[in-house]
Structures are given as C-alpha cells and as structure tokens.
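Working notes for the structure below.
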Amino acid sequence: MTFEEIKALDERYVMQTYGRNQLAIDRGSGATVYDTAGKEYIDFTSGIGVCSLGYANEAWAKAIYDQAMKLGHISNLFYTEPYAKLASKLVPASGMAAVFFGNSGAEANEGMIKLARKYSFEKYGKGRATVITLRNSFHGRTITTLKATGQDHFHDFFFPFTEGFRYAEANNMNSLMAEADGDVCAVMMELIQGEGGVNPLDKDFVQAVAKLCAERDWLLLIDEVQTGMGRTGSVFAFQQFGVHPDVVTFAKGIAGGLPFGGFLANEKCRKVLGTGDHGSTFGGNPIAAAAGNVVMDTLTEDFLEQVKEKGRYLRDGIAALNSPYVSGIRGMGLMIGVGVQGMAHKELKDRLMASGLLALTAGKDTLRLLPPLVITREEIDKGLAVMAKVMKA
C-alpha cells in the first residue's frame with residue numbers, strides 16, 4: 001500500500017489520538033528503516049525506546065517464530081517455560097528478589113503503586129497511602145498513572161483522578177520534605193525524566209531520597225520503563241546511581257518490539273502481593289517472553305559497555321557540530337537529550353525526518369534520541385551527517 005492509502009484508512013477507521021509523522025514505515029534492518037516508497041532513514045527513535053535489538057534481528061525473529069509454532073498463549077493458570085527462564089535472568093541481573101510480568105509500562109507502574117499501598121496497609125493500617133512523585137515526571141496514561149505524573153497539562157479533562165499523590169521538585173530535598181507527612185507510603189521517580197525532557201536526576205538527590213525512604217519505611221519506587229533494559233549502559237539505570245530500590249518497573253525494550261512489561265521487588269517486598277492480589281491475562285505471554293529471553297541474552301557486560309561507548313560517540317559528534325540550534329546535550333548511554341534553541345523542537349524533528357533521520361521530541365525544547373542499542377558506528381555517522389546538514393548555521 002502507498003502512504004496515502006494507509007493514511008486514508010487511518011483517518012477513516014482509527015481514533016485520531018496521535019500526532020503521527022507524515023510517514024509510513026514499511027520495513028527495517030539494524031537501525032535503518034524504509035518507508036513505503038523505499039526511502040531510507042536512520043532511526044534514532046527505536047519505536048520510543050522499544051526496538052532495543054533494532055529491526056530484522058534474526059535471533060529475535062527466530063525465537064518468536066519457534067515459540068509461536070509451539071504455544072502462543074495459555075494463561076497464568078499454567079506454568080510455561082519462557083517466562084520462567086526470563087525471570088531467572090532478570091532477577092539476578094537486577095539484584096532484586098522476584099518479578100511480576102505484565103504488558104506495558106503504565107500497567108507496570110500501576111502494579112508497583114498497588115504493591116506499595118498494600119505493604120503500608122498491612123504494616124501500618126489505613127491513612128498511609130500517599131505516593132510522592134516528582135514535578136515534570138511521566139508515569140503512564142491510565143487514570144492512576146496520569147495522576148502520578150507530575151505535569152499539570154496531563155491532568156486536563158479526565159477528572160476525577162485517583163487520590164493519594166503529591167509532587168516535589170526534582171533534585172530538591174527541601175521540596176520533598178515539605179510533602180513528607182505521616183500519610184506517605186512511598187516515593188516514586190524516574191532517574192532520567194524521559195517525556196519531561198531527558199533530565200537526569202542528581203546522584204546525591206537520589207541517594208538522599210533512598211536514605212529518607214529507608215529511615216521512614218517508605219518504599220523507594222523507581223520507574224525504569226524507558227531507562228531500563230540496557231538503555232543507559234547498564235541493565236537498569238539505578239545500578240549507576242548507587243541505590244537499590246524496593247520496586248523497579250520495566251517495559252519498552254524488554255521484548256525488543258512486543259508488548260511486555262512488569263516490575264521487580266526486593267526481598268522485603270517480594271511476598272506483599274499474594275494469590276489474587278494482582279494479575280494480567282497476557283502477562284508473561286510465551287511469545288513475548290521468548291523475545292525477552294533473546295534481549296536478556298544480548299545484554300552482556302561487553303554489550304552494555306558498547307552502549308555507553310556509542311552514547312559517548314553520539315554525544316561528542318553532536319557537540320562537534322557546533323550548531324547554533326543546540327543549547328545543551330545530556331543523558332546516559334543511548335538515551336540522549338539535545339536542547340533546542342532558535343527553532344521549535346518539533347520543526348527540527350520534521351526537518352531531520354525530511355532529510356533521512358528519525359528523532360523524537362520531549363518536554364518543551366528537547367530533541368530526544370533513543371537509537372536501537374545495536375546501532376552501528378556507520379549508522380551513527382549517517383545520522384550525524386544528516387544533523388550536520390540540517391542544523392548548520
């Protein structure tokens with residue numbers, strides 16, 4: 001089908017909830033994709049951080065095919081091998097104690113919030129259920145995770161929201177302490193605020209929050225939906241911040257392109273949710289779990305070091321452009337934010353796309369780059385060449 005034909009079907013039959021780029025992607029290989037007319041693009045988006053192994057990865061595709069031909073779904077009323085094997089890899093790699101599998105980041109964050117409130121209720125009773133989150137955060141689009149999100153414009157239209165959330169300023173312990181009443185059960189935060197503008201938290205702040213949580217028996221909840229699964233150069237970003245959360249969520253890159261997510265709990269919290277307390281019909285789906293096993297097998301120490309090196313190379317390459325449109329570069333590993341000045345960030349994104357480079361936006365003035373973790377130096381150089389062309393003075 002042509003782009004025009006696909007777009008016409010979308011406009012006729014699909015709810016118009018997305019501001020889609022005027023482009024239909026047909027296929028890909030590595031970190032390179034092609035539209036329906038055959039034009040090539042270097043992809044610095046990886047499906048918003050999902051396609052961690054890029055496109056047409058043979059081991060990933062074979063694992064999906066083999067599992068689909070064996071067993072596609074059976075439900076969590078039965079044991080299956082793929083999710084059990086995946087759990088045996090995720091738990092040691094994270095240093096946590098147990099995992100729950102679901103479908104998405106928002107669902108994972110909902111489950112994490114439920115766990116925190118049940119932990120507090122069982123230990124302290126009613127009246128201690130508030131979760132402190134950070135201004136400029138993003139935690140999902142369900143009613144509860146929208147309320148957990150610390151950006152007011154996401155709170156329009158959908159009232160009433162779930163109660164029990166207050167917001168503190170990132171990197172500001174005085175602001176957090178101002179919200180620290182006796183009704184608090186947890187602090188929930190992203191270590192790099194992705195949708196909010198690719199803003200890494202200060203390590204000292206994160207460690208101070210962890211210390212406060214330990215002192216007050218609040219749970220430390222880390223949302224790693226976007227930062228997890230090797231994106232920052234470690235399996236989880238918290239492993240570079242010198243803290244160990246009580247619960248951490250993951251999604252996006254875990255299954256390399258299939259819907260999958262979940263949360264990991266430490267030893268203190270592993271038994272908080274018992275039989276019937278939480279569930280997910282598709283959670284731990286055999287096909288998605290088979291894909292997740294391939295991703296986990298890929299995240300070796302050498303591979304993660306390469307992610308860090310590629311991130312440094314890409315950041316240095318952008319800095320070397322000396323573009324008047326760049327106000328700053330930040331991030332970790334292959335999660336990079338480029339501050340944009342002198343042009344709207346969405347306009348810059350569109351200009352890059354027209355010249356053969358796919359990028360994302362975040363916040364009010366940030367270009368967000370989330371390339372596949374398997375991107376090659378050659379593909380990075382091609383992307384930098386497009387940026388040099390579009391972003392010159």
### Separation of Thr145 OG1 from Glu107 CD (nearest 0.5 Å)
10.5 Å
### Message
Looking at Val91, is its backbone amide N or carbonyl O close enough to the side chain of Ser94 to form a donor-acceptor pair, meaning the two atoms are under 3.5 Å apart?
### Response
yes
### Task
For side-chain contact (heavy atoms from CB on, under 4.5 Å), just list the numbers for Ile318 and Leu369, CA-CA rounded to whole Å, side-chain angles, deciding distance to a tenth of an Å, and then say yes or no.
CA-CA 11 Å; Ile318 297 169; Leu369 309 179; 3.6 Å; yes
### Query
Are Leu53 and Leu358 grouped together when hydrophobic residues (ILVMFWY) are joined by side-chain heavy atoms under 4.5 angstrom apart?
no
### Message
Checking one residue: Ile6. Which other hydrophobic residues are in its cluster under the side-chain 4.5 Å linking rule?
### Response
Met1, Leu9, Tyr13
### Partner set under side-chain hydrogen bond (donor to acceptor under 3.5 Å, both in side chains) for Thr361, not counting sequence neighbours
none
### Task
State the CG-CG distance between Leu373 and Leu370, to the nearest 0.5 angstrom.
9.5 Å
### Query
Is the shortest heavy-atom distance from the side chain of Met343 to the side chain of Arg351 under 4.5 Å?
yes
### Task
Check whether Val386 and Leu384 end up in the same hydrophobic cluster, where Ile, Leu, Val, Met, Phe, Trp and Tyr are linked by side-chain heavy atoms less than 4.5 Å apart.
yes
### Euclidean distance, Met173 CE relative to Lys211 NZ, rounded to 0.5 Å
9.0 Å
### Side-chain donor/acceptor of Asp181 to backbone N/O of Asp183, under 3.5 Å
no
### Message
Can you pull out every side-chain hydrogen bond (donor to acceptor under 3.5 Å, both in side chains) where at least one residue sits in residues 310-327? Sequence neighbours excluded, please.
### Response
Tyr313-Asp381
### Query
Any chance CD of Glu163 has more than 12 other-residue heavy atoms, nucleotides or ligands included, within less than 6.0 Å?
no
### Message
Looking at Ala180, is its backbone amide N or carbonyl O close enough to the side chain of Arg216 to form a donor-acceptor pair, meaning the two atoms are under 3.5 Å apart?
### Response
yes
### Task
Please answer: with hydrophobic residues joined when any side-chain heavy atoms are less than 4.5 Å apart, are Phe154 and Ile143 in the same cluster?
yes
### Message
Between Lys114 and Glu110 (salt bridge meaning N to carboxylate O under 4.0 Å), is one present in this structure?
### Response
no
### Message
For the CD atom of Glu179 and the OH atom of Tyr167, what is their distance to the nearest 0.5 Å?
### Response
10.5 Å
### Pairs where residues 127-151 contributes a residue and the test salt bridge (charged side-chain N to carboxylate O under 4.0 Å, His left out) is met, not counting sequence neighbours
Arg135-Asp152
#### Entry: Side chains of Cys185 and Val131 in contact at under 4.5 Å (non-hydrogen atoms)
yes
### Message
Applying a strict under-4.5 Å side-chain criterion to I, L, V, M, F, W and Y, I'd like to know whether Ile48 and Met332 cluster together.
### Response
yes
### Query
Under the salt bridge (charged side-chain N to carboxylate O under 4.0 Å, His left out) test, which residues partner Arg117, sequence neighbours left out?
none
### Summary
ring pair (Phe, Tyr, Trp, His ring centres under 6.0 Å) pairs touching residues 53-74, sequence neighbours excluded, are His73-Phe282
### Message
Could you report the tightest heavy-atom contact between Thr149 and His139, atom names first, then the distance?
### Response
OG1-N, 2.9 Å
### Task
Kindly indicate whether the side chain of Phe121, heavy atoms from C-beta on, has any atom under 4.5 Å from the side chain of Lys126.
yes
### Task
Might you work through the ring pair (Phe, Tyr, Trp, His ring centres under 6.0 Å) test for Phe159 and Phe161, ending with a clear yes or no?
CA-CA 5 Å; Phe159 303 99; Phe161 285 102; 5.2 Å; yes
### Query
Gln22: what forms a side-chain contact (heavy atoms from CB on, under 4.5 Å) with it, not counting sequence neighbours?
Phe3, Lys7
### Task
Give a yes or no on whether the backbone of Phe205 and the side-chain of Asp202 come within a donor-acceptor separation of less than 3.5 Å.
no
#### Entry: Lys382: partners by side-chain contact (heavy atoms from CB on, under 4.5 Å), with sequence neighbours left out
Glu40, Ile42, Glu378
### Message
Going by side-chain contact (heavy atoms from CB on, under 4.5 Å), name the residues that satisfy it together with Ser234, two or more places apart in sequence or in a different chain.
### Response
Thr232, Gln239, Gln240
### Task
Check whether any side-chain heavy atom of Arg270 sits under 4.5 Å from a side-chain heavy atom of Asn266, and report yes or no.
no
### Query
Just by distance, do the side chain of Asn76 and the backbone of Gly283 share a donor-acceptor pair under 3.5 Å?
yes
### Message
For Arg368 and Ile336: C-alpha separation, side-chain torsions, deciding distance, then whether side-chain contact (heavy atoms from CB on, under 4.5 Å) applies.
### Response
CA-CA 6 Å; Arg368 180 173 36 151; Ile336 298 170; over 6 Å; no
## Note on the structure
Excluding Val14, membership of its hydrophobic cluster (Ile, Leu, Val, Met, Phe, Trp, Tyr; side-chain heavy atoms within less than 4.5 Å) reads none
### Message
Listing request: all ring pair (Phe, Tyr, Trp, His ring centres under 6.0 Å) pairs with a residue in residues 76-120, at least two apart in sequence or in separate chains.
### Response
Phe100-Phe263, Phe100-His278, Phe101-Phe260
### Query
In terms of side-chain geometry, is the basic nitrogen of Lys70 or Asp66 positioned less than 4.0 Å from the acidic oxygen of its partner?
no
### Message
Checking Lys123 against Asp217 for the side-chain contact (heavy atoms from CB on, under 4.5 Å) test, could you report, in this order, the C-alpha distance in whole Å, the side-chain angles of both residues, the deciding distance, and whether it holds?
### Response
CA-CA 10 Å; Lys123 196 166 183 179; Asp217 198 22; 2.9 Å; yes
### Query
Is any side-chain heavy atom of Val326 closer than 4.5 Å to a side-chain heavy atom of Leu321?
no
### Salt-bridge contact Lys271-Glu122 (side-chain N to carboxylate O under 4.0 Å)
no
#### Entry: Flag if over 12 foreign heavy atoms under 6.0 Å of CD, Glu11
yes
#### Entry: Residues Asp10, Gln16; criterion side-chain hydrogen bond (donor to acceptor under 3.5 Å, both in side chains); working and verdict
CA-CA 8 Å; Asp10 174 275; Gln16 299 298 294; 3.0 Å; yes
#### Entry: CD1 on Ile25 to CG on Asp43, rounded to 0.5 Å
7.5 Å
#### Entry: Minimum-distance pair of heavy atoms, taken over all atoms of Met96 and Leu264
CE-O, 3.4 Å
### Query
Just by distance, do the side chain of Ser280 and the backbone of Gly102 share a donor-acceptor pair under 3.5 Å?
no
### Message
Under the rule for side-chain contact (heavy atoms from CB on, under 4.5 Å), what residues qualify as partners of Glu224, not counting sequence neighbours?
### Response
Leu191, Ile222, Thr227, Phe236, Ala237, Phe238, Val248
#### Entry: Side-chain heavy-atom pair Gln341, Asp365 within 4.5 angstrom cut-off
no
### Message
For Lys268, is the NZ atom crowded, meaning more than 12 foreign heavy atoms sit under 6.0 Å from it?
### Response
yes
### Message
Strictly below 4.0 Å, N to O, side chains only: are Asp297 and Lys89 in salt-bridge contact?
### Response
yes
### Query
With a 4.5 Å heavy-atom cut-off, do Val243 and Val209 have their side chains touching?
no
### Message
Check for me, please, whether Leu221 and Leu146 land in the same ILVMFWY cluster - side-chain distances under 4.5 Å, paths through other members count.
### Response
no
### Query
Can you check side-chain contact (heavy atoms from CB on, under 4.5 Å) on Met189 and Leu220, steps first, answer last?
CA-CA 8 Å; Met189 55 189 180; Leu220 177 62; 3.9 Å; yes
### Message
Quick one, Tyr34 and Asp26 - any side-chain contact, counting heavy atoms below 4.5 Å?
### Response
no
### Query
What distance do Met296 atom CE and Leu90 atom CG have between them, rounded to the nearest 0.5 Å?
4.5 Å
